[in-house]
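Just so you know, these numbers come straight off a predicted model, no measurement behind them.
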Amino acid sequence: MSIDQSAKIHSSSVVEEGAKIGANTVVGPFCHIGPEVTLGIGVELKSHVVVSGWTDVGNDTIIFPFASIGHMPQDLKFNGEVTKLEIGERNRIREYVTMNPGTVGGGKLTKVGNDGLFMMGVHIGHDCMVGNRVILANNASLGGHCIIEDSVVIGALAGVHQFCRVGRGAMIGGLSAVVADVIPMGMVLGNRASLDGLNLVGLKRAGANKADINGLRAAFKSIFMSGTTIKESITPTLKLHAGNPLVEELIEFITSETSRSLTIPNKD
């Protein structure tokens with residue numbers, strides 16, 4: 001066991017032999033820290049938090065009561081293999097959140113980036129890759145093997161199907177059921193979610209160039225609303241908007257290899 005002298009651990013909490021507790025970390029009452037867990041510098045566990053398995057929690061992350069972090073994945077094929085959960089720095093993990101480690105079939109790693117907000121009841125499934133500055137609202141859930149890129153916002157009670165990708169800066173409406181990949185900067189909503197446009201507010205807040213945003217809007221119409229197939233529209237759209245980083249990112253995402261289809265606008 002390695003516990004920094006500056007760490008504060010409540011007398012009612014259990015820290016198992018082998019755990020590593022960083023400087024200025026605070027472990028509140030009735031927490032349980034497993035033997036393979038590493039808590040970084042300045043981590044705070046409010047109370048009644050359980051951190052298990054081969055789990056690393058990054059500096060200055062705060063975990064709120066009744067969160068269950070690092071317990072075995074919800075996968076019937078899991079057979080006790082050593083797999084990991086890595087959580088980055090400055091995350092806010094609220095009440096009743098669950099985050100599972102990876103599986104052998106998914107690379108043995110679930111990874112969460114920095115500066116995220118995971119509200120009450122959020123679930124991060126096994127082998128997910130979650131980027132930086134991601135927000136999941138209350139009771140949003142990620143199935144296994146999802147890739148959630150930077151600055152994504154997922155609304156309350158939304159669910160993302162396993163193996164789906166959600167591109168950078170996308171916004172998913174509350175109660176949405178996402179069963180296909182979501183383009184970068186896209187906005188989707190609805191039961192069996194459909195693409196409803198671009199997250200223009202998010203782009204502006206991120207400081208995107210106005211000309212690039214206008215080009216992205218034109219490219220969006222060309223790809224999804226021109227009457228041609230997406231495949232047919234890619235080359236002329238890319239040629240017309242060459243040098244626009246937002247359009248290039250969009251098309252790279254669409255043309256990347258994936259096991260899922262693409263979320264598109266509702267044609268009704």
Does any N or O in the side chain of [X] come within less than 3.5 Å of the main-chain N or O of [Y], such that one atom is a donor and the other an acceptor?
| X | Y | value |
| --- | --- | --- |
| D60 | E89 | no |
| D4 | I21 | no |
| T258 | D181 | no |
| T61 | N91 | yes |
| T83 | G102 | yes |
| E248 | G243 | yes |
| S13 | I9 | no |
| R217 | D212 | no |
| T38 | D56 | no |

With side chains defined as the heavy atoms from C-beta onward, is the minimum distance between [X] and [Y] less than 4.5 Å?
| X | Y | result |
| --- | --- | --- |
| C164 | R260 | yes |
| L39 | I33 | yes |
| R165 | F253 | yes |
| W54 | L85 | no |
| V122 | T98 | no |
| V247 | L240 | no |
| F30 | S47 | no |
| I234 | T255 | yes |

Any salt bridge between R168 and D150, counting N to O under 4.0 Å?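 D150 and R168: not salt-bridged.
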Whether D115 and R90 form a salt bridge (side-chain N of Lys/Arg under 4.0 Å from carboxylate O of Asp/Glu) is what I want to check.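 Salt bridge flag = yes for D115 with R90.
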Which pair of heavy atoms, one from [X] and one from [Y], lies closest together, and at what distance?
| X | Y | result |
| --- | --- | --- |
| K46 | P65 | CB-CD, 3.7 Å |
| V178 | A193 | CG2-CB, 4.2 Å |
| M171 | N199 | CB-ND2, 3.9 Å |
| V57 | V51 | CG2-CG1, 4.4 Å |
| G155 | A137 | C-CB, 3.7 Å |
| N132 | N114 | OD1-N, 2.8 Å |

Hey, which of [options] is the one that makes side-chain contact (heavy atoms from CB on, under 4.5 Å) with [X]?
| X | options | value |
| --- | --- | --- |
| M119 | I93, I135, V97 | I135 |
| I148 | V112, V182, L142, I172 | L142 |
| I264 | I230, I183, V188 | I230 |

Under the criterion side-chain contact (heavy atoms from CB on, under 4.5 Å), I'd like the reasoning laid out for I223 against I254: C-alpha separation, chi angles, the key distance, then a yes or no. CA-CA 10 Å; I223 293 171; I254 292 172; 4.3 Å; yes
Inter-residue atom distance K20.NZ - S2.OG, 0.5 Å rounding: 7.0 Å
State the SG-CE distance between C146 and M129, to the nearest 0.5 angstrom. 11.5 Å
Flag yes if [X] and [Y] sit in one hydrophobic cluster, no otherwise; membership is Ile, Leu, Val, Met, Phe, Trp, Tyr, and two members link when side-chain heavy atoms are under 4.5 Å apart.
| X | Y | result |
| --- | --- | --- |
| I251 | L246 | yes |
| V130 | I147 | no |
| I124 | V153 | no |

Give a yes-or-no answer on whether the side chains of E16 and H32 include a donor-acceptor pair shorter than 3.5 Å. yes
Please tell me whether S222 and T237 have a donor and an acceptor in their side chains that are separated by less than 3.5 angstrom. yes
Begin from the C-alpha positions of K108 and E81 and carry the test salt bridge (Lys or Arg N to Asp or Glu O under 4.0 Å) through to its verdict. CA-CA 9 Å; K108 300 184 179 180; E81 302 89 352; over 6 Å; no
Just say parallel, tilted or perpendicular for the rings of H145 and H126, cut-offs at 30° and 60°. perpendicular
I would like to know whether V26 and L45 meet side-chain contact (heavy atoms from CB on, under 4.5 Å); could you show each step before the answer? CA-CA 6 Å; V26 176; L45 276 54; over 6 Å; no
Test applied, side chain to side chain donor-acceptor pair (under 3.5 Å); reference residue, D127; option that passes from T103, N100, T110: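 Among the candidates, only T103 passes.
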Derivation and outcome, side-chain contact (heavy atoms from CB on, under 4.5 Å), residues F66 and E95: CA-CA 6 Å; F66 304 106; E95 297 83 357; 5.5 Å; no
Validate the cation-pi geometry between R94 and F118: distance from NZ or CZ to the six-membered ring centre under 6.0 Å, angle to the ring axis within 45°. no
Does Y96, at its OH atom, have more than 12 non-hydrogen atoms belonging to other residues, nucleotides or ligands within less than 6.0 Å?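 Atom OH in Y96 is not packed in, count stays at 12 or less.
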